[in-house]
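Written below as structure tokens is the structure these notes are about.
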Amino acid sequence: MAAESSQTLDRGLRLLRLLADGHRGRTPTELAVELELSRPAVYRLLTTLQKEGFVRRDGDGRVHLGFAVLVLARAVQPLLREGALPTLRRLAEEVGATAHLTVAEGEDGLAVAVVEPSWTDMHVAYREGSRHPLSRGAAGLAILALREGRGGYVATEGQLQAGAHGVAAPVPGLPWLEASVGVVSFTSLDPAVVGPRVATAAEALSRSLA
């Protein structure tokens, strides 16, 4: 019984990871093919997961992640914030700009950790909990780049706030997390100088969370 339960749990987790990684809905048949399971086995998994709110079906019958996943994500955010602070603090002090970790919640970016530099006369006050569309601002665009399999860094100017300059890079190599590390400043940031530093910080955070 224990072995059977473990196998069922493993299959359910694989199904959730597949839905999280694809950024699109899938039919039960597609899930069965990709998971190499029978359709009855997939339907049994979906029945349980849908009952608990971890998956949902749209009008066309395609399966998506359910909103119960967000509840678990919010419980993880305090741990994620604490793990990110040392990396963000080093980046903020090195660049002299406000550093932040932004995670994806659907099509929005949510700032879960922010560190301001200690030695600058003026810097951007960026509030933890700030939310904005992924299509606007360096942090969100870096997450969209991650979804498309692109690395590097993104630089923007004035997209979220007039006069603000942003540089961000996706956090690579963590299938369970869509996130970016970035800096924002009212003074001009040279992307060629700041971009590699931000990308290095994103890679360091990925290693610490792996």
How about [X] and [Y]: do any of their side-chain heavy atoms sit closer than 4.5 Å?
| X | Y | result |
| --- | --- | --- |
| His64 | Val55 | no |
| Leu35 | Leu18 | yes |
| Arg197 | Thr200 | no |
| His165 | Phe186 | no |
| Thr48 | Arg44 | no |
| Pro172 | Glu203 | yes |
| Leu101 | Leu85 | no |
| Val115 | Leu91 | no |

Drop me the distance from [X]'s [atom1] to [Y]'s [atom2], to the nearest 0.5 angstrom.
| X | Y | atom1 | atom2 | answer |
| --- | --- | --- | --- | --- |
| Leu144 | Leu134 | CG | CG | 5.0 Å |
| Leu15 | Leu37 | CG | CG | 8.5 Å |
| Leu49 | Arg11 | CG | CZ | 13.0 Å |
| Arg131 | Glu105 | CZ | CD | 4.5 Å |
| Leu13 | Phe54 | CG | CZ | 10.0 Å |
| Gln159 | Leu141 | CD | CG | 5.5 Å |

Please assess Leu209 against Trp176 for the test side chain to side chain contact (heavy atoms under 4.5 Å, CB included), listing each intermediate value before the final yes or no.
CA-CA 11 Å; Leu209 296 175; Trp176 54 273; 4.2 Å; yes

If every non-hydrogen atom of [X] is compared with every non-hydrogen atom of [Y], which pair is closest and at what distance?
| X | Y | value |
| --- | --- | --- |
| Gly152 | Pro170 | O-CD, 3.4 Å |
| Ala138 | Val154 | CB-O, 3.7 Å |
| Gly25 | Glu30 | O-OE1, 4.3 Å |
| Thr87 | Ala201 | CG2-O, 3.4 Å |
| Ala202 | Ala169 | CB-O, 4.0 Å |
| Gly61 | Pro28 | O-CD, 3.9 Å |

Output, in order, the C-alpha distance, side-chain angles, deciding distance and verdict of side chain to side chain contact (heavy atoms under 4.5 Å, CB included) for Val63 and Asp58.
CA-CA 7 Å; Val63 183; Asp58 63 22; over 6 Å; no

Main chain of [Y], side chain of [X]: is a donor-acceptor contact present, judged purely on distance under 3.5 Å?
| X | Y | value |
| --- | --- | --- |
| Arg62 | Arg57 | no |
| Thr98 | Tyr126 | no |
| Trp119 | Glu93 | yes |
| Ser130 | Arg127 | yes |
| Arg17 | Gly12 | no |

Looking at Val183, Val184, Leu88, which one forms a side-chain contact (heavy atoms from CB on, under 4.5 Å) with His100?
Val184

Which is it for Thr27 and Thr29 under the side chain to side chain donor-acceptor pair (under 3.5 Å) test, yes or no, and what are the steps along the way?
CA-CA 5 Å; Thr27 66; Thr29 298; 4.6 Å; no

Any chance you could lay out the side chain to side chain contact (heavy atoms under 4.5 Å, CB included) test for Val103 and Ile143, step after step, and finish with the verdict?
CA-CA 8 Å; Val103 302; Ile143 292 174; 5.8 Å; no

Checking side chain to side chain contact (heavy atoms under 4.5 Å, CB included) for the pair Val42/Leu46: CA distance, chi angles, key distance, verdict?
CA-CA 6 Å; Val42 169; Leu46 292 177; 3.8 Å; yes

State plainly whether one hydrophobic cluster holds both [X] and [Y], where clusters connect Ile, Leu, Val, Met, Phe, Trp and Tyr through side-chain heavy atoms under 4.5 angstrom apart.
| X | Y | value |
| --- | --- | --- |
| Val114 | Leu80 | no |
| Leu110 | Leu72 | no |
| Leu177 | Val181 | yes |

Over 12 non-hydrogen atoms of neighbours within 6.0 angstrom of CD in Glu148:
yes

Taking everything shown except Tyr43 itself, do over 12 heavy atoms lie less than 6.0 Å from its OH?
yes

So that I can tick it off, tell me whether Glu107 and Arg147 are bridged by a salt bridge, with the cut-off set at under 4.0 angstrom between side-chain N and carboxylate O.
yes

Who pairs with Tyr153 by ring-ring contact (aromatic ring centres under 6.0 Å, His included), at least two apart in sequence or on another chain?
none

